[in-house]
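Right, one structure below, let's go through it.
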Amino acid sequence: MGNPQEHIVMLPYLAQGHIIPFLELARRIQERTNFTITLVNTPLNIQKLKSTQSNTSKINLVSLPFNSSDHNLPPNTETTEALSLPQVIGLFHASTSLESPFKDLVSDLTSKQGKPPLCIISDVFMGWANQVAKSLNIINVCFSTCGAYGSAAYTSVWQYLPHRSLKSDDEEFVLPGFPERCKIKRSHLHKFVRNADGTDQWSKFFQPQISLSLGSFGWLCNTVEEIEPMSLEVLKKYTKHPVWCIGPLLPPRMLDSSYNNEIFSKRGGKEPGLSPEKCLQWLDSHPENSVLYISFGSQNTISPAQMMELAKGIEESGKPFLWAIRPPIGFDLKAEFRDEWLPEKFEERMSASKRGLLVHKWAPQLDILCHKSTGAFLSHCGWNSTLESLSQGVPLIGWPLAAEQVYNSKMVEEEMGVGVELTKGLESCITKTEVKRVIEMVMENEGIRKKASEIGEMIRQGAREKDGKKGSSLQAMDHFVSTLLS
Ligand code: UDP
């Protein structure tokens, strides 16, 4: 489909969790159209992509001038990873400085090719790209790398700031635009949102960027329409334009059912003994659906006190577990792990009894979630982790830590019924008793497992072509491309 002469320019936000789905989106568009795709970002992010992309990749990777020191950020800060909250918001504001070089770049590409790009696909956090597109008479489509519930809730909160008119943190409010049942307490939101008074740096950034994104020609969303019907309806009311659900942007191998311990990830743990192969062998030694997998994603961690309670609760639950463990808050995420962060002789005890495996640093998450022994995932509910887990029918235990994770976790429990929230909101304190109770509640509940398996099937169906009939996400992608071309 499509004319190979056509060109699309993509602009993800400065975070791995955004760049990776953009890259996958670029591949999917190219697979079916042969369009030229240029993906734009800051120099270090582009350099990193170039070093990991295969030589055969046909995506043009182009960097824009950016110097974090000009924005009072530490040198070489170009992604949100391992930044403090003030630095994260600093990076958000700094990203708007890309507007002028981005405009120059698109103008240059237009002159070189003798015609403008077919469209710009920009991150929902880069609303200013919509202004650039309008000034150059180019269509702008906004890509929200999270799901429909997260996208709609973010839009709702940042547009209407409903939490500001409440008397206390404990008062519940309905997310504007959502059905009455979608209630949340102010105490569930991040401190920086709760205290927002219109002059805070978070509202100052998000309100205009999301408003500008709402003015784009349409939205792409990394979800499957069948799994989030209500949220999708709410999101469409906000965008007033098409929303194409083209997800899940996961490796295709995860979406067919023939997974057979083939390794996705070549990155191992800290010690040579913890290669992806070793993790899989360890999982092989446990019965089906018996293992709890625990991970808080690539950039978040929990406090030392909470890490201790979590470890005790897991031990008392008696369930086998595989924990992708990082140093707690207050320590460098890349620091050497210290035994004092866990109960005495915890790792030794768990390892001797084969009860638990601690994977320091990076775990082969996709392999773990695809393995038949994995029975539940205690997760921070980052959208990639949530989709990866749901696509394999693995129930979730929600422990959100930042961003829209609080909405993802809520949606998993309240809308889908495929998990339970362990923490309510971003600053809850959890006891070992609560940890044990929720682990048992999820892992011993056949109803939750059955629902999770149904959601998993819907996700895989959406992304598959069977007997000549395309799933909804494939159809949405076709419709998106043909709309652009028409
Ligand atoms: N991930 C992984 N191993 C780890 C931690 C994370 O493979 O030890 C991957 C995970 O599979 C997911 C991504 O990193 O694709 C995390 O993205 P998510 O949106 O869940 O959370 P974030 O890291 O952006 O907070």
Side-chain angles (χ1 to χ4, degrees), residues 12-25 45 48 52 79-83 85 88 91 123-125 143-147 149-151 154 190 221-223 247-255 259 263-271 274-276 278-280 283 293-302 321-327 329 333-334 337 357-371 374 377-392 394 396-409 411-412 419 426 459:
Y13 181 64
L14 322 183
Q16 286 310 305
H18 291 234
I19 295 173
I20 291 164
F22 259 86
L23 206 58
E24 191 56 40
L25 175 65
N45 290 333
K48 188 165 174 194
T52 50
T79 69
T80 47
E81 266 157 70
L83 295 187
L85 271 183
V88 171
L91 188 65
D123 200 291
V124 64
F125 294 165
F143 177 32
S144 171
T145 51
C146 59
Y149 196 107
S151 305
Y154 237 44
H190 223 296
C221 199
N222 185 12
T223 191
L249 295 171
L250 300 177
R253 261 195 318 122
M254 261 191 117
L255 301 171
Y259 178 77
I263 306 287
F264 282 102
S265 161
K266 295 290 173 206
R267 289 172 77 172
K270 179 178 71 167
E271 294 132 53
L274 290 182
S275 62
K278 288 278 176 206
C279 287
L280 295 185
L283 284 168
Y293 170 54
I294 304 146
S295 167
F296 295 102
S298 63
Q299 44 186 324
N300 294 113
T301 184
I302 52 179
F321 66 91
L322 195 161
W323 187 351
I325 197 161
R326 308 262 187 310
I329 293 174
L333 277 187
K334 295 193 175 104
F337 201 84
L357 182 67
L358 297 187
V359 180
H360 293 278
K361 306 211 166 123
W362 199 255
Q365 179 161 309
L366 303 185
D367 299 296
I368 293 166
L369 289 171
C370 288
H371 197 286
T374 305
F377 181 11
L378 192 162
S379 167
H380 71 313
C381 291
W383 187 242
N384 293 308
S385 294
T386 305
L387 258 189
E388 286 160 12
S389 193
L390 293 177
S391 73
Q392 303 310 306
V394 175
L396 284 143
I397 296 174
W399 186 325
L401 297 172
E404 94 299 352
Q405 294 154 17
V406 73
Y407 307 121
N408 299 339
S409 159
M411 186 268 291
V412 159
L426 298 173
I459 294 178

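Since this is a predicted model, take the numbers as computed values, not measurements. Both ligands and their constituent atoms are indexed starting at 1 by order of listing.
Ligand 1 is approached by R326 to a heavy-atom distance shorter than 4.0 Å. Under a 4.0 angstrom heavy-atom cut-off, H380 registers as being in contact with ligand 1.
Nearest protein heavy-atom contact of atom 16 (C) of ligand 1 is S385 OG, 4.1 Å. The protein atom (non-hydrogen) at minimum distance from atom 15 (O) of ligand 1 is E388 OE2, 2.6 Å. Atom 24 (O) of ligand 1 has Q299 NE2, 3.5 Å as its closest protein atom, hydrogens excluded (heavy atom only). Atom 19 (O) of ligand 1 has N384 ND2, 3.0 Å as its closest protein atom, hydrogens excluded (heavy atom only). Nearest protein heavy-atom contact of atom 3 (N) of ligand 1 is A363 O, 2.7 Å. Of the protein's non-hydrogen atoms, the one nearest atom 6 (C) of ligand 1 is W362 CH2, 3.6 Å. The shortest contact between atom 23 (O) of ligand 1 and any protein heavy atom is with S298 OG, 2.4 Å.
T80 and Q299 share a side-chain donor-acceptor pair at under 3.5 Å. Side-chain polar atoms of E388 and N384 form no donor-acceptor pair below 3.5 angstrom.
Using a 4.5 Å cut-off on side-chain heavy atoms (C-beta onward), Y293 and I397 make no contact. Taking the side chain as every heavy atom from C-beta outward, F22 and L249 never approach each other to under 4.5 Å. Side-chain contact between S151 and C221: present, with at least one pair of heavy atoms (C-beta onward) separated by less than 4.5 Å. For the pair L366 and P251, the minimum side-chain heavy-atom distance is below 4.5 Å.
Near W383, meaning under 4.0 Å from any of its heavy atoms, are these atoms of ligand 1: 19 (O).
In summary, the aromatic rings of F125 and H18 are positioned with their centroids under 6.0 Å apart.
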